[in-house]
2 protein chains.
Amino acid sequence: MTKNINRKEYLESKPRLLPSVSIDCVIFGFSNNQLKILLLKFKNTDFYALPGGFISIEEDLSDAALRVLEERTGLRDIYLEQFYVFGSKDRRYDQTHQKIMEGNGIILKPNHFLLDRFISIGYYALIDFSKANPAPDDLSDSCEWYDLDKVPSLVFDHNQILQKALETLRSDLDTKLVGFNLLPETFTINEIQRLYETILGEKLVRSNFQRKILSLGILERIEKKMTGAANKAPYVYRFVGQ
Amino acid sequence: MTKNINRKEYLESKPRLLPSVSIDCVIFGFSNNQLKILLLKFKNTDFYALPGGFISIEEDLSDAALRVLEERTGLRDIYLEQFYVFGSKDRRYDQTHQKIMEGNGIILKPNHFLLDRFISIGYYALIDFSKANPAPDDLSDSCEWYDLDKVPSLVFDHNQILQKALETLRSDLDTKLVGFNLLPETFTINEIQRLYETILGEKLVRSNFQRKILSLGILERIEKKMTGAANKAPYVYRFVGQ
DNA sequence: ACAAAAGTGTTCTCCATACACCCATGG
DNA sequence: CCATGGGTGTATGGAGAACACTTTTGT
């Protein structure tokens with residue numbers, strides 16, 4: 001339903017959208033000991049971009065972000081954090097937008113709103129990788145996970161936005177205990193440690209990390225996990241937010 | 001000059017402004033052991049508000065904030081930090097805007113842009129109280145300092161914006177060493193401590209605070225300050241950002 | 001001499017680090 | 001029995017809290 005609205009509005013350029021404002025979502029996932037983000041690739045181009053969208057005139061900013069997230073991942077109740085607004089006066093990407101739309105067989109009229117200057121509100125989202133079902137939008141032909149260290153060059157200022165999101169995530173990691181949102185319901189201490197290590201980009205001492213995390217009092221020990229590996233079976237924990 | 005633009009645009013409602021976006025500035029000052037903020041009072045009303053404004057279509061967001069700050073305080077090169085975007089769908093304050101403009105002898109046409117929904121980007125600014133020359137804008141008849149604990153009820157959601165600014169300032173205080181922007185060029189350790197105490201809202205132990213601040217290695221001892229009081233004269237320091 | 005505030009020193013505790021050691025598991 | 005990784009114990013160092021002590025100023 002919302003997709004229809006978007007589609008129509010792209011074509012008509014008479015949107016019931018908040019003018020000159022967009023949102024961009026840096027969607028983090030964690031799999032295979034890699035921090036990953038979700039990127040779109042626009043049809044018939046080499047253009048990669050963060051998932052984003054516009055705000056309906058009757059929609060909260062955060063609801064717009066949640067809507068985008070649901071459309072791209074199929075998930076609701078996603079952990080979301082607004083982190084910065086990008087508003088340089090140069091934020092007008094008319095040529096790029098023209099090319100993107102050309103790839104979709106659309107020529108934008110000269111006064112189309114997409115050709116104007118936009119400010120973009122950055123949100124980062126943390127999701128359970130195993131539950132996400134990435135889905136492209138109307139303008140793109142792929143929506144896929146990319147390892148953080150293999151992110152291609154992105155359109156607009158999206159590389160900067162990603163960078164800022166990552167910095168914010170790093171500094172939020174300990175204070176807001178945000179990392180658990182990237183893990184499935186149950187996990188081992190080792191998995192948390194790998195997660196922290198990839199986000200922070202540094203090795204942590206296993207034994208100390210274990211104590212630190214357990215001392216937070218937010219983990220509940222469930223059972224032992226028999227991995228089949230030739231070593232002691234780790235406990236499986238569940239996050240219990242107070 | 002910029003004032004003329006604003007004035008004209010209020011009346012014409014054909015602005016060369018970024019639509020649906022505003023900025024609001026929480027301007028902090030420190031005097032008399034009190035943290036203060038600068039508020040406007042609109043003409044012929046009881047409406048108090050944070051200084052704010054709109055963004056020219058050819059202006060960076062932060063430049064717009066700096067312009068507002070200069071217009072209200074006469075100061076340039078102000079310490080500025082973007083802290084949040086307020087974008088609830090209810091952020092449409094048509095009646096209040098009508099009343100504000102009525103106080104200025106202006107009736108807004110029904111389709112005037114001021115009656116639309118706005119998102120507002122919050123900036124907080126830290127300034128040297130002793131250097132500021134508060135000046136009202138065209139719509140207000142006063143621009144004055146208010147003690148933080150005596151802030152009146154503000155229009156729109158400005159009380160919430162102020163609250164969020166204060167929280168951000170508190171958490172930035174230690175990590176970004178932001179407090180010194182509120183002090184004049186030279187100051188005593190005691191003055192810094194009073195500043196920290198008022199911002200954080202708690203008493204700090206003098207001797208420990210002294211060591212902590214000096215151990216940062218960002219203060220240069222200048223001279224002794226003879227206060228005329230019956231006690232040891234404190235040293236005067238200068239901030240030396242690396 | 002005394003009060004008041006500035007500056008410095010000392011102790012204690014807590015927490016993070018580093019590292020050692022034991023435990024469980026499958027080959 | 002051994003290799004591997006999970007879980008816990010212990011010593012060390014640095015930072016902050018609490019408090020004592022000295023120094024400097026004006027009355």
Side-chain angles (χ1 to χ4, degrees), chain A residues 30 32-33 170-177 179-180 183-184 186-240, chain B residues 30 32-33 170-177 179-180 183-184 186-240:
Chain A
F30 186 68
N32 227 346
N33 287 338
R170 282 193 180 128
S171 75
D172 285 354
L173 193 59
D174 277 319
T175 55
K176 300 188 182 174
L177 298 179
F180 298 95
L183 294 172
T186 64
F187 43 82
T188 66
I189 302 278
N190 193 25
E191 287 169 323
I192 314 177
Q193 183 174 349
R194 294 294 163 78
L195 172 63
Y196 269 66
E197 286 178 341
T198 33
I199 293 180
L200 297 175
E202 58 179 338
K203 278 256 161 223
L204 301 172
V205 178
R206 184 182 56 85
S207 55
N208 294 332
F209 182 80
Q210 184 121 0
R211 234 189 326 254
K212 176 185 166 182
I213 289 293
L214 288 177
S215 72
L216 295 174
I218 52 173
L219 294 187
E220 182 188 2
R221 183 178 283 182
I222 309 287
E223 55 181 357
K224 288 210 172 191
K225 180 187 180 184
M226 297 302 177
T227 59
N231 52 37
K232 184 171 175 178
Y235 287 103
V236 174
Y237 293 86
R238 184 203 336 252
F239 179 75
V240 281
Chain B
F30 186 67
N32 227 347
N33 288 336
R170 281 194 180 127
S171 75
D172 284 354
L173 194 58
D174 277 319
T175 53
K176 299 189 183 174
L177 298 179
F180 298 96
L183 295 172
T186 64
F187 44 80
T188 66
I189 302 278
N190 193 27
E191 287 169 324
I192 314 176
Q193 184 174 349
R194 295 293 164 77
L195 172 62
Y196 269 65
E197 286 178 342
T198 34
I199 293 179
L200 297 175
E202 59 179 337
K203 278 261 160 217
L204 301 172
V205 179
R206 185 183 56 85
S207 56
N208 295 331
F209 182 80
Q210 184 122 2
R211 235 191 324 259
K212 175 185 167 184
I213 290 293
L214 288 177
S215 73
L216 296 174
I218 53 172
L219 295 187
E220 181 188 2
R221 184 178 282 182
I222 308 287
E223 55 180 355
K224 288 210 171 191
K225 179 186 180 185
M226 297 301 174
T227 59
N231 52 39
K232 184 171 174 178
Y235 287 103
V236 174
Y237 292 86
R238 183 200 342 249
F239 179 77
V240 282

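Predicted, not measured: the structure shown is a model, and the values here were computed from it. Convention: sequence-line order gives letters A, B, ...; per-chain numbering from 1.
- To the nearest 0.5 Å, atoms CG (Leu214(A)) and NZ (Lys212(A)) are separated by 12.0 Å.
- To the nearest 0.5 Å, atoms CZ (Arg194(B)) and OG1 (Thr188(B)) are separated by 8.5 Å.
- Rounded to whole Å, atom C1' of dA6(C) lies 13 Å from atom CD of Glu191(B).
- The interatomic distance linking Lys203(A) (NZ) with dA18(C) (C1') rounds to 16 Å, in whole Å.
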Under 4.0 Å protein heavy-atom contacts per nucleotide of nucleotides 7-17 of chain C, with B for base, S for backbone only and - for none: BBBB------B
Side chain to side chain contact (heavy atoms under 4.5 Å, CB included) evaluation trace for Ile192(A) with Phe180(A): CA-CA 8 Å; Ile192(A) 314 177; Phe180(A) 298 95; 3.7 Å; yes
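- The salt bridge (charged side-chain N to carboxylate O under 4.0 Å, His left out) analysis of residues 197-210 of chain B, with sequence neighbours excluded, yields the pairs Glu197(B)-Lys203(B).
- dA18(D) atom P lies 15 Å from atom CZ of Phe209(B), rounded to whole Å.
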From CA spacing to verdict: side chain to side chain contact (heavy atoms under 4.5 Å, CB included), Ile189(A), Tyr237(A): CA-CA 7 Å; Ile189(A) 302 278; Tyr237(A) 293 86; 3.3 Å; yes
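- Closest non-hydrogen pair, Ile222(A) versus Arg238(A), comes out as CD1-NH2, 3.1 Å.
- Protein atom CG of Leu204(B) is 14 Å distant from nucleotide atom C1' of dA18(D), rounded to whole Å.
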